[in-house]
Amino acid sequence: MTEQSNTLLVTCALPYANGSIHLGHILEHIQADIYVRFQRMLGRQVYFVCADDQHGTPIMIKAQKLGRTPEDIIGEMENEHRRDFAGFEISYDHYYRTNSPENREISEKLYTTLRDRGYIQVKKISQLFDPEKKMFLPDRFVKGTCPKCHAEDQYGDNCECCGATYSPADLINPRSVISGATPVMQESEHYFFDLPQFDAFLKDWIASGTIPREMANKLQEWFDSGLQQWDISRDAPYFGFQIPGTENKYFYVWLDAPVGYLASFKNFMDSKGICFEDFLKQDSDSEMVHFIGKDILYFHSLFWPAMLHGAGCRVPDHLYVHGYVTVNGAKMSKSKGTFIKAATYLKHFDPECLRYYYASKMNGKIDDLDLNLPDFVARTNSDLVNKLVNLASRTAVFITRKFQGRLADTLDAPELLESFTAAKEEIAAGYQSREYSALIRKVMDLADSANRYVDEKEPWVLAKDAGRDAELQRICTTCLNLYRVLITYLSPVLPKLARDSAAFLKTDLDWNSLDRALLGTEISPFKALFKRIDMKSVEAMINDSLQDLKDLSAQESKGSASRKSEKKEKKAEQSGEAAPETVTIDDFARLDLRAARVISCEEVPESDKLLKFRLDLGNGEERQVFSGIKSAYPAPAALIGRFVIMIYNLAPRKMRFGISEGMILSAGSGNKDIFLLSADAGVKPGDRVA
RNA sequence: GGCUACGUAGCUCAGUUGGUUAGAGCAUCGCACUCAUAAUGCGGGGGUCACUAGUUCGAUUCUAGUCGUAGCUACCA
């Protein structure tokens with residue numbers, strides 16, 4: 001371990017106040033909590049803070065829909081989030097909110113400093129505007145027909161059918177999701193943070209070891225494509241903070257969200273009478289680290305440090321980035337019931353099972369972590385109950401029955417205990433580098449050797465021989481001391497088990513007195529410290545999650561990253577077992593399918609998958625359509641003259657090689673197994689499919 | 001398609017700065033034990049370390065390619 005400042009601020013990403021905490025969020029908070037508890041155990045001054053992220057359009061819209069105030073909604077959600085984190089033993093020193101006076105104050109101060117130093121620019125941009133609600137619409141709040149593939153009901157930024165990206169203004173028949181009104185283009189002044197000015201600074205900052213090298217490579221892509229100015233303002237009405245010096249401009253939620261770290265910290269410091277401003281100084285000797293998911297790396301590795309630096313403040317020392325949680329090897333899926341809320345989990349399981357399971361798989365890298373439920377059950381039972389707690393269980397009975405709960409004054413195997421305490425540095429290094437899986441393996445290895453020790457000594461044999469009581473007492477005392485060391489090692493992961501064990505052993509479990517053996521003292525009679533779990537509870541939890549489905553569907557998210565994960569979720573559902581939704585005849589009638597004759601068909605040379613068709617739709621109408629079926633039809637000329645079925649009323653889509661004015665239907669599993677649909681002889685160009 | 005990761009026992013994962021018979025836990029089989037929440041210990045079976053080619057005295061470990069998976073991205077309406 002290198003030399004460190006003694007004061008440390010640790011944060012987790014602020015959960016958005018528009019949805020419940022789920023097991024994906026929990027991973028991050030557990031990872032950080034374990035880190036924090038370990039640092040505290042070493043005696044560092046740690047401040048572990050978090051907050052709810054409460055601003056933005058989604059919150060505002062949700063409030064309107066429910067006929068309530070945003071403040072009302074975020075207050076409720078904040079309570080729920082606090083409860084969930086407390087339920088998982090996340091030991092925040094302070095959990096606050098972004099809709100707070102401190103956050104307003106710091107956000108304004110950062111902004112005005114940046115503005116005065118020339119880092120803010122004002123530009124006019126055109127945006128879709130809802131004339132009924134009198135508000136500008138984020139991409140997500142505009143829907144319409146995809147200009148490329150003519151799929152209906154697509155969001156304003158990209159199409160979920162064809163994956164095309166576009167501007168909301170490109171949509172055909174756009175409408176506001178909020179009012180249903182047709183949005184109009186309107187100009188408005190926007191405030192931009194001049195990120196490109198920080199190009200050199202950011203490169204240095206990233207190269208200095210603040211983020212893992214593997215991620216640094218990824219960031220290089222962003223630098224290569226050039227940093228862009230960042231739009232930090234939103235027009236009224238907006239639920240957030242008004243920008244100083246403006247009439248109707250508000251800070252974009254992602255501007256004040258990371259500031260929420262500092263706001264939470266300040267609120268806490270103020271309550272303790274400690275100077276917060278010292279912490280923010282550029283030469284502050286304290287340390288600041290953020291635990292985040294890889295989906296928000298963009299905000300934390302570019303905007304956030306640039307803002308702080310630009311305003312003359314200290315910057316984060318480390319970003320600890322983790323991957324996503326998968327369940328049973330697949331993305332969390334609402335329809336499979338593997339989209340599990342924190343509260344739902346807690347109804348069925350002890351939080352420490354998940355803390356332990358996650359820890360046993362965390363390696364400090366950004367790989368995704370799989371919560372394999374049968375494995376979760378097996379691992380919890382075998383490691384925690386069968387191995388670890390069993391050590392106490394199998395020896396404590398003798399101490400209680402034969403020695404009135406009193407431990408021996410000497411050990412039977414002091415060298416064994418020494419070998420346990422000698423692992424201290426190795427364990428500490430595991431916590432420090434967040435390679436929890438390695439340290440857990442080490443601890444379980446020691447637990448195995450402790451069980452082996454008990455087997456060799458056969459205390460149950462000695463117990464039958466009154467003449468060997470002293471020996472028996474020393475052996476059990478040794479084993480309980482081994483247990484004490486192991487549970488101390490794991491106390492950052494299993495705080496509750498550690499507390500219960502401390503009560504059982506009637507001692508404190510602390511890092512610095514590890515090597516002082518517990519001798520001659522009394523312990524409590526052993527009671528089960530940890531219960532086994534079973535697959536039935538897993539099934540019950542899955543069923544509960546399926547019940548939650550409806551509530552969750554109301555959940556919305558704010559950032560592009562979370563939107564993408566929703567998209568992924570959707571994809572996962574499509575490939576899963578879920579039965580396709582049934583549609584009515586009316587739904588079908590919305591599609592205008594027609595027979596068309598292939599006039600010409602050729603490869604698009606620069607494309608790997610595309611064929612370009614000219615189609616005859618009858619009455620002299622022709623359409624150009626691109627179709628990604630080159631892999632199955634390597635000889636496109638052979639298709640000329642045949643009939644195909646196309647979607648006639650699909651919105652045209654601009655592609656790199658021209659406009660695609662429809663979609664040709666085919667069946668098959670993909671690649672070479674793609675087969676064009678056609679009609680029997682007699683069909684004429686333009687005939688409708690019904 | 002491009003870029004970046006990853007691909008090690010049935011499952012979840014270690015590991016190898018290139019070097020004798022590749023590891024753990026769970027699962028499975030056999031034996032032992034009975035103190036313990038039907039826990040524990042010992043032993044066995046199980047892997048061509050994705051595939052192919054190359055560098056090397058020697059590759060699971062390095063290089064290239066192929067296939068597969070994931071992420072980002074692009075043109076697959």
Side-chain angles (χ1 to χ4, degrees), chain A residues 145-151 154 159 161-165 214-215 217-218 220-222 224-225 294-295 323-324 326 328-329 331 357 360-361 363 365-372 374-387 389-398 401 435 437-438 440-441 444-445 447-448 450-464 472 475-476 479 526-532 564 568 604 606-612 625-631 646-647 650-665 670 674:
Chain A
T145 302
C146 169
K148 184 168 188 179
C149 70
H150 290 202
Q154 296 304 317
C159 172
C161 295
C162 65
T165 54
E214 42 182 337
M215 289 316 272
N217 293 337
K218 185 147 201 89
Q220 192 56 45
E221 291 173 26
W222 294 335
D224 290 345
S225 57
K294 59 186 181 184
D295 53 333
Y324 301 130
T326 57
N328 292 338
K331 288 179 185 89
Y357 188 74
S360 76
K361 297 182 99 168
N363 55 13
K365 297 194 190 134
I366 56 155
D367 304 336
D368 291 352
L369 188 152
D370 186 42
L371 168 58
N372 183 286
D375 188 48
F376 163 71
V377 171
R379 184 147 210 136
T380 301
N381 292 339
S382 118
D383 284 10
L384 258 26
V385 182
N386 299 355
K387 285 183 184 174
V389 172
N390 186 226
L391 286 171
S393 171
R394 68 191 305 201
T395 49
V397 280
F398 296 113
R401 278 185 212 152
E435 292 173 89
S437 63
I440 297 261
R441 262 200 312 284
M444 279 308 135
D445 194 44
D448 284 342
N451 273 308
R452 225 173 288 139
Y453 164 75
V454 176
D455 262 57
E456 280 164 16
K457 294 290 178 173
E458 300 184 313
W460 55 92
V461 174
L462 303 189
K464 287 168 189 154
L472 173 65
I475 290 165
C476 294
C479 185
F526 182 82
K527 280 182 287 186
L529 290 167
F530 211 95
K531 279 203 198 102
R532 279 203 179 69
K564 270 171 192 153
K568 280 175 232 148
V604 180
E606 312 91 273
S607 159
D608 300 305
K609 301 188 179 175
L610 288 182
L611 296 181
K612 183 164 99 176
V625 177
F626 289 92
S627 184
I629 59 171
K630 191 193 266 188
S631 57
M646 74 170 292
I647 303 177
L650 195 58
R653 168 82 170 180
K654 184 165 175 286
M655 295 171 63
R656 209 170 93 197
F657 319 102
I659 308 271
S660 186
E661 305 164 306
M663 173 173 172
I664 294 173
L665 301 187
I674 300 175

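Reckoned from all heavy atoms, side chains included, excluding hydrogens, waters and symmetry mates. Chain letters run A, B, ... following the sequence lines, proteins first, then strands; residues in each count from 1.
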Those residues that, when tested against A/Asp370, pass side chain to side chain donor-acceptor pair (under 3.5 Å) (two or more places apart): A/Thr326
Kindly write out the residues that satisfy side chain to side chain donor-acceptor pair (under 3.5 Å) with A/Glu458, not counting sequence neighbours, or none if the list is empty. none
Quick one: salt bridge (charged side-chain N to carboxylate O under 4.0 Å, His left out) partners of [X], sequence neighbours excluded?
| X | value |
| --- | --- |
| A/Arg441 | none |
| A/Asp445 | none |
| A/Lys361 | none |

Classify A/Asn390 by what it touches in the nucleic acid, base, sugar-phosphate, or nothing, heavy-atom distance under 4.0 Å. base
What does A/Phe530 touch in the nucleic acid at a heavy-atom separation under 4.0 angstrom: a base, only the sugar-phosphate, or nothing? base
So, is A/Arg394 near the phosphate of B/G41, with a side-chain N or O under 4.0 Å from OP1 or OP2? no
Dot-bracket line, read 5' to 3' along RNA chain B, where crossing pairs take [ ] and | marks a partner on another strand, Watson-Crick or G-U under 3.5 Å: (((((((..((((.....[...)))).(((((.......))))).....(((((..]....))))))))))))....
Side chain to side chain contact (heavy atoms under 4.5 Å, CB included) partners for A/Arg401, two or more places apart: A/Val397
For A/Asn386, check side chain to side chain contact (heavy atoms under 4.5 Å, CB included) against everything at least two apart and list the hits. A/Ser382, A/Arg532
Report each atom pair, protein N/O against N/O of nucleotides 12-15 of chain B, whose distance is under 3.5 angstrom.
| residue | atom | partner | partner atom | Å |
| --- | --- | --- | --- | --- |
| B/U12 | O3' | A/Lys361 | NZ | 2.7 |
| B/U12 | O2' | A/Lys361 | NZ | 2.8 |
| B/U12 | O2' | A/Asp375 | OD2 | 3.4 |
| B/C13 | OP1 | A/Lys361 | NZ | 3.3 |
| B/A14 | OP1 | A/Asn363 | ND2 | 3.1 |
| B/A14 | O2' | A/Arg441 | NE | 3.4 |
| B/A14 | O2' | A/Arg441 | NH2 | 2.7 |

Return the nearest nucleotide to the side chain of A/Asp448; candidates are B/C26, B/A36, B/G41. B/G41
List the residues meeting ring-ring contact (aromatic ring centres under 6.0 Å, His included) with A/Phe376, not counting sequence neighbours, and say none if there are none. A/Phe349, A/Tyr357
Hits for ring-ring contact (aromatic ring centres under 6.0 Å, His included) against A/Phe526, two or more places apart or cross-chain, chain-then-number order -> A/Phe504
Which protein N or O atoms sit under 3.5 Å from an N or O of nucleotides 42-45 of chain B?
| residue | atom | partner | partner atom | Å |
| --- | --- | --- | --- | --- |
| B/C42 | OP1 | A/Arg452 | NE | 3.1 |

Comparing A/Glu458 and A/Val389 on RNA chain B - which has the more 5′ nearest nucleotide: A/Glu458
Any side-chain heavy atom of A/Leu391 sitting closer than 4.5 Å to one from A/Asn451? yes
